[in-house]
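Per chain, numbering begins at 1; letters A, B, ... match sequence-line order. What you see below is based on every heavy atom in this structure, not just the backbone, and it leaves out hydrogens, waters and symmetry mates.
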Protein chains: 2
Amino acid sequence: MSSVYTTDLNCPLPLLDHPRIRLAHGGGGRMMQRLIDEVFIAAFDNPLLRNGHDGAVLDLPHGRPVMTTDSYVVRPLFFPGGDIGSLAVHGTVNDLAMCGARPRYLSASFILEEGLAMETLWRVVQSMRAATDAVGIEIVTGDTKVVERGHGDGIYINTTGVGLADHTLKIEPRSIRAGDALLVSGDVGRHGMAVMGARQELAFATPIESDSTPLWNTVAELLDAGIDIHCLRDVTRGGLNAVLNELAQASRLQFDVVERDIPLTASVRGACEVLGLDPLQVACEGRFVAVAPRECAQQALQIMRAQNLSAALIGRVQLGEAGLVTMETSIGGRRIIDMPSGDLLPRIC
Amino acid sequence: MSSVYTTDLNCPLPLLDHPRIRLAHGGGGRMMQRLIDEVFIAAFDNPLLRNGHDGAVLDLPHGRPVMTTDSYVVRPLFFPGGDIGSLAVHGTVNDLAMCGARPRYLSASFILEEGLAMETLWRVVQSMRAATDAVGIEIVTGDTKVVERGHGDGIYINTTGVGLADHTLKIEPRSIRAGDALLVSGDVGRHGMAVMGARQELAFATPIESDSTPLWNTVAELLDAGIDIHCLRDVTRGGLNAVLNELAQASRLQFDVVERDIPLTASVRGACEVLGLDPLQVACEGRFVAVAPRECAQQALQIMRAQNLSAALIGRVQLGEAGLVTMETSIGGRRIIDMPSGDLLPRIC
């Protein structure tokens with residue numbers, strides 16, 4: 001399991017007066033107040049949260065503020081390489097990074113299912129704290145709801161992030177130009193396979209750990225180096241395949257990639273072959289596609305490889321046919337990569 | 001039912017190709033893209049959302065930015081006077097208002113249950129649009145997840161709001177002073193009773209409609225008039241009772257209220273008597289408590305009454321015993337009002 005669990009995981013004993021979440025924990029009274037104080041404020045501790053008001057006043061000194069939101073319903077809650085808590089931090093932080101924004105603040109809102117073990121909540125919340133510490137951000141406001149048994153699945157988490165973009169680039173699909181290079185920040189498909197493995201208790205030949213990780217540092221290095229980034233997009237639901245199709249459609253350009261250049265670990269490739277899955281449709285939670293002018297491609301690749309050795313230049317953008325994605329296959333042909341239909345693996349994030 | 005339903009409620013026919021939500025609607029592929037385009041972007045339409053990026057760049061010209069979050073799990077989804085959509089806008093907008101912040105931007109994140117009728121989602125989303133229009137704000141970024149049948153309850157919504165406070169007051173519990181007046185912005189308990197009535201199909205003697213409404217306008221009028229507001233808190237879970245106790249505890253002062261001054265409609269009073277409920281523990285979604293210096297109390301009351309005739313001065317703050325709330329009862333005695341335990345009525349918001 002993930003290293004985030006090596007920190008203190010002992011649930012404080014007084015909390016175990018109620019070893020399982022009850023409806024009253026969301027009722028606005030004493031029990032909810034105790035849950036907030038002893039679990040959330042204890043873990044996320046910072047002055048804004050301790051203020052105990054309905055919202056948090058943010059300190060946003062300069063730059064363009066960026067806002068993004070995601071709800072997390074991953075199943076199971078814990079998987080090799082992460083859990084719903086670290087995922088809920090990484091996923092939202094990464095959406096900010098994809099806008100070229102330095103993550104600053106997170107909100108955290110929990111929908112708990114009656115009967116959830118208090119110890120499970122405690123572990124998830126500790127994992128969130130470890131993840132926010134690693135990124136250097138704070139959870140400044142939150143909310144807790146409890147739903148009856150059979151109307152949730154343990155824990156659902158929403159995190160909404162506010163960050164600051166302090167550069168002059170317009171990092172968005174409409175900035176993509178014909179001739180641009182397509183880069184990916186590391187090997188793809190590990191998160192989806194790790195969750196699938198945990199869910200179905202598959203014993204892969206080689207254990208597969210999620211790629212869940214924060215991406216801001218890599219983006220910051222690209223920005224600091226003056227790379228003229230045209231667009232960034234993290235690879236999540238729908239996999240690399242969905243990202244390429246979305247960006248090709250939004251930019252009204254053709255994307256051509258080369259299959260042998262797309263980084264895949266042997267274990268993901270092998271597991272996908274056994275299960276009959278297309279690894280390019282499998283989700284990541286710590287990988288992104290960068291689109292940048294050809295002239296910057298080698299420098300960008302060097303920076304990305306310094307963070308992750310498997311980063312790769314995988315293709316290029318051309319005028320061609322608007323919205324089309326093609327792949328030069330390993331056997332030398334070229335085929336169209338269509339948008340996935342979207343029912344490969346539900347509840348991956 | 002609420003007036004928000006008088007707008008066009010016909011679900012566009014192409015959407016009904018899939019009359020119910022399927023897991024693939026959350027899978028990151030074509031079906032999800034169609035859902036986003038034809039439901040969410042169609043309803044919330046604005047340039048930031050149409051941009052189709054992972055986050056939205058906010059325009060926050062000056063003032064202190066404030067952030068707040070809430071998830072909504074109200075059951076049933078529709079109730080007299082509102083629905084989960086309008087509630088998800090009002091609730092978060094009101095939390096911003098309670099920080100003295102003008103609402104500016106909302107994110108909206110949906111957890112949909114497999115099998116949800118597309119037409120229900122359509123109605124909820126239209127109601128959110130009507131509610132944001134009424135407040136003059138925009139939903140600028142969002143997310144959709146789908147969970148299997150039996151792991152949700154139709155629709156759960158998270159909204160996170162960003163607003164701007166452009167005054168110099170510190171509106172927070174620690175600003176409360178002995179001698180301050182306690183005001184409430186209108187009759188309490190209607191939202192909770194309306195939801196309870198809808199859930200249990202109770203036929204109240206007089207129909208009870210939710211008090212769900214945005215509160216920013218009233219707060220703006222208080223600020224514009226130069227009222228030296230010390231604290232604001234909206235009355236939600238736990239009712240007036242919970243608000244008074246929370247603020248008394250946070251300010252370490254004693255709060256004394258007068259029972260006959262607390263505004264209650266005859267229908268809420270009657271329904272609570274029949275059901276054996278304490279109306280002061282019943283939730284509102286469009287009422288707030290204002291704490292202000294005694295000298296401003298009459299002017300503040302006039303402003304609040306211009307918005308809602310039932311607004312009232314209900315008590316005062318004194319040194320007394322830190323955290324104590326007392327009530328002068330209708331028969332002339334004085335009793336302690338304790339924090340509710342919190343299991344009166346789950347899933348009210």
(request) Examine whether an atom of A/L232 lies under 4.5 Å from a heavy atom of chain B, and if so say whether it belongs to the side chain, the backbone or both; otherwise answer neither. (result) backbone
(request) With a 4.5 angstrom heavy-atom cut-off, could you sort out which part of A/L58 is near chain B: side chain, backbone, both or neither? (result) both
(request) For A/R34, check salt bridge (charged side-chain N to carboxylate O under 4.0 Å, His left out) against everything at least two apart and list the hits. (result) A/D17, A/E38
(request) Side chain from CB out, backbone as N, CA, C, O: work out which of these in A/T92 comes under 4.5 Å of a heavy atom of chain B, or both, or neither. (result) neither
(message) Tell me which of these, B/L60, B/I171, B/V140, B/I111, has more heavy-atom pairs under 4.5 Å with chain A than the rest.
(response) B/I111
(message) At a 4.5 Å cut-off on heavy atoms, which part of A/L247 comes close to chain B: side chain, backbone, both, or neither?
(response) neither
(message) Parallel, tilted or perpendicular: which one describes the rings of A/F110 and A/F44, with boundaries at 30° and 60°?
(response) parallel
(message) Report which part of A/P173 has an atom under 4.5 Å of a heavy atom belonging to chain B: side chain, backbone, both, or neither.
(response) side chain
(message) For B/A97 versus B/V219, what's the shortest heavy-atom pair and its separation?
(response) O-CG1, 3.6 Å
(request) Please state whether the side chain, the backbone, both or neither of A/A56 comes within less than 4.5 Å of a heavy atom of chain B. (result) both
(request) Check whether A/E113 gets within reach of chain B through its side chain, its backbone, both or neither, counting any heavy atom under 4.5 Å. (result) neither
(request) Give, for atom SG of B/C231 and atom CD of B/E172, the distance between the pair rounded to the nearest 0.5 Å. (result) 8.0 Å
(request) Look up atom CZ in B/R75 and atom CD1 in B/I155, then write down how far apart they are to the nearest 0.5 Å. (result) 14.0 Å
(message) Please report the interatomic distance OG(A/S175) to CG(A/L169), rounded to the nearest 0.5 Å.
(response) 8.5 Å
(request) Kindly compute the distance separating CG (B/L116) from CG (B/L77), expressed to the nearest 0.5 Å. (result) 7.5 Å
(request) Measure A/Q249 against the heavy atoms of chain B and call it side chain, backbone, both or neither at under 4.5 Å. (result) side chain
(message) At under 4.5 Å between heavy atoms, what parts of residues 237-245 of chain A are in contact with chain B? List them by residue number.
(response) A/R237, A/G238, A/A242
(message) If I measure from the heavy atoms of chain B, does A/M339 come under 4.5 Å with its side chain, its backbone, both, or neither?
(response) both
